[in-house]
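Below is one structure, written out as structure tokens, with a few remarks after it.
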Amino acid sequence: MSAYDKAVKAIRAPLPGAPELRDFVRFATLAPNSHNTQPWKFRLQSDTVDILPDFSRRTPVVDPDDHHLYVTLGCAAENLLIAARASGRPAELAVMHDRDAGTWARIVLGRGARSDVDLCEAIPARQSTRCKYDGRALAADELRQLADAAALPGVDVLFVTGRDRLEQALGFIQAGNGAQMDDPAFVNELKDWLRYNPAAALEHGDGLLGKCSGSPSAPDWLGPLVFDLAFRKAAENRKYARQLRSSAGLAVFVTERVDPEGWIEVGRSFERFALRATALGIRHAHLNMPIEVPETRPGFAHWLGIPGRRPDLVIRFGKARPMPMSIRRPLDAVIVP
Ligand SMILES: Cc1cc2nc3c(=O)[nH]c(=O)nc-3n(C[C@H](O)[C@H](O)[C@H](O)COP(=O)(O)O)c2cc1C
């Protein structure tokens, strides 16, 4: 087994029989997070875990107002809540604000009955699966279970499953993708987080490893050159067409509150959706371009029937084989005094 695969296996190991706070933090770090930047810090006290933003890991071009950063913190918080509850540590989350740290999450753990055990088991198995899916629709009961899992006060989840509607959504996705690929600042920021081979991903402990998206590995010197040659708008738009046409549908998450607290709630709702999907053998991946590009966002919201609101996440779902798993930084790098 390669050093990369060993590291991935270690961070995704099941919780031990008597988990400590550090074990819950490990499960929190398995959360989806924008560009795999892992923009979080964890502060531990006896029965409390604080999840703080790490602004040194911002992605200011794709995420100028830290929307994705706070969605990411919400995903991590939900993982921690689920891991604690599944271990007989019922836990509650409070969103806090202060001048130094900004908005952050405090989770206080108690003791009691176990719950969310199946969602907890899905945490190490969940991944963003960026490949072609099997093209089949989901059963009504599967869709209902996904909707139930994502239900959280203040967050709406809109499902798009009809082929005509999905084809219309593709127009917004391709327009957003085109705008991003025309923006050198976007492309440069993305390149900062690309890892062209498992050794580089392991060394950084973060970033987007090519093989997790189906790209071949390359030496560090060659990867950027191949990327510049292969990263072409028409080819990327064809890839997104294949991916969406093979998916069972899209789920669009929309919060009522357009602020960090609302974005944390979106992350929590999305993570419950993603874990329930994983438990059901359903894959998911992001197609956020229409909501990341300010010029495409209002038209997309209007098309969704929510004019004036800000859609927060665009997620495709369906069935497919798994892809290689992504890496995380070691716990000592994310736990702060
Ligand atoms: C707020 C947010 C935005 C994301 N946006 C994208 C995206 O636009 N495209 C994409 O392929 N993945 C996107 N992702 C997925 C991350 O890249 C992924 O979670 C990360 O690389 C870790 O991989 P994993 O989910 O397989 O553990 C996003 C994730 C989050 C939480």
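In listed order, ligands and their atoms are each counted from 1. Both backbone and side-chain heavy atoms feed into the values below; hydrogens, waters and symmetry mates do not.
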Look only at interatomic distance and state if T72 has a nitrogen or oxygen under 3.5 Å from any nitrogen or oxygen of ligand 1. no

Exercise. Under the 6.0 Å and 45° cation-pi test, does R316 pair with Y133?
Worked result: yes

* Could you tell me if any non-hydrogen atom of E292 lies under 4.0 Å from any atom of ligand 1? => yes

Checklist entry - Are the ring centres of H284 and F270 closer than 6.0 Å? => result yes

What residue and atom, counting heavy atoms only, is the protein's closest point to [atom], and at what distance?
{"atom": "atom 6 (C) of ligand 1", "answer": "H286 CB, 3.4 Å"}
{"atom": "atom 5 (N) of ligand 1", "answer": "N288 ND2, 3.0 Å"}
{"atom": "atom 20 (C) of ligand 1", "answer": "N33 O, 3.3 Å"}
{"atom": "atom 25 (O) of ligand 1", "answer": "S128 OG, 2.6 Å"}

Hey, is [X] touching ligand 1 through its side chain, its backbone, both or neither, going by heavy atoms under 4.0 Å?
{"X": "V71", "value": "side chain"}
{"X": "R328", "value": "side chain"}
{"X": "S326", "value": "side chain"}
{"X": "L208", "value": "side chain"}
{"X": "R126", "value": "side chain"}
{"X": "R130", "value": "side chain"}

Please determine, by modelled atom types, if [X] and [Y] share a side-chain donor-acceptor pair under 3.5 angstrom.
{"X": "N177", "Y": "N237", "value": "yes"}
{"X": "Q38", "Y": "N36", "value": "yes"}
{"X": "N288", "Y": "H286", "value": "yes"}
{"X": "D66", "Y": "W263", "value": "no"}

Q168, CD: over 12 other non-hydrogen atoms inside 6.0 angstrom
yes

For this session: Determine, stepwise, if the pair E236 / K233 fulfils salt bridge (charged side-chain N to carboxylate O under 4.0 Å, His left out).
Result: CA-CA 5 Å; E236 289 293 303; K233 208 193 298 186; over 6 Å; no

With heavy atoms of [X] as the reference, note each atom of ligand 1 found under 4.0 Å away.
{"X": "P32", "answer": "19 (O), 25 (O), 31 (C)"}
{"X": "Q127", "answer": "26 (O)"}
{"X": "H35", "answer": "17 (O)"}

Scanning both residues in full, the closest heavy-atom pair of R114 with S87 reads NH1-CA, 3.9 Å

Under a 4.0 Å threshold between the charged nitrogen and the carboxylate oxygen, would R310 count as salt-bridged to D65? yes

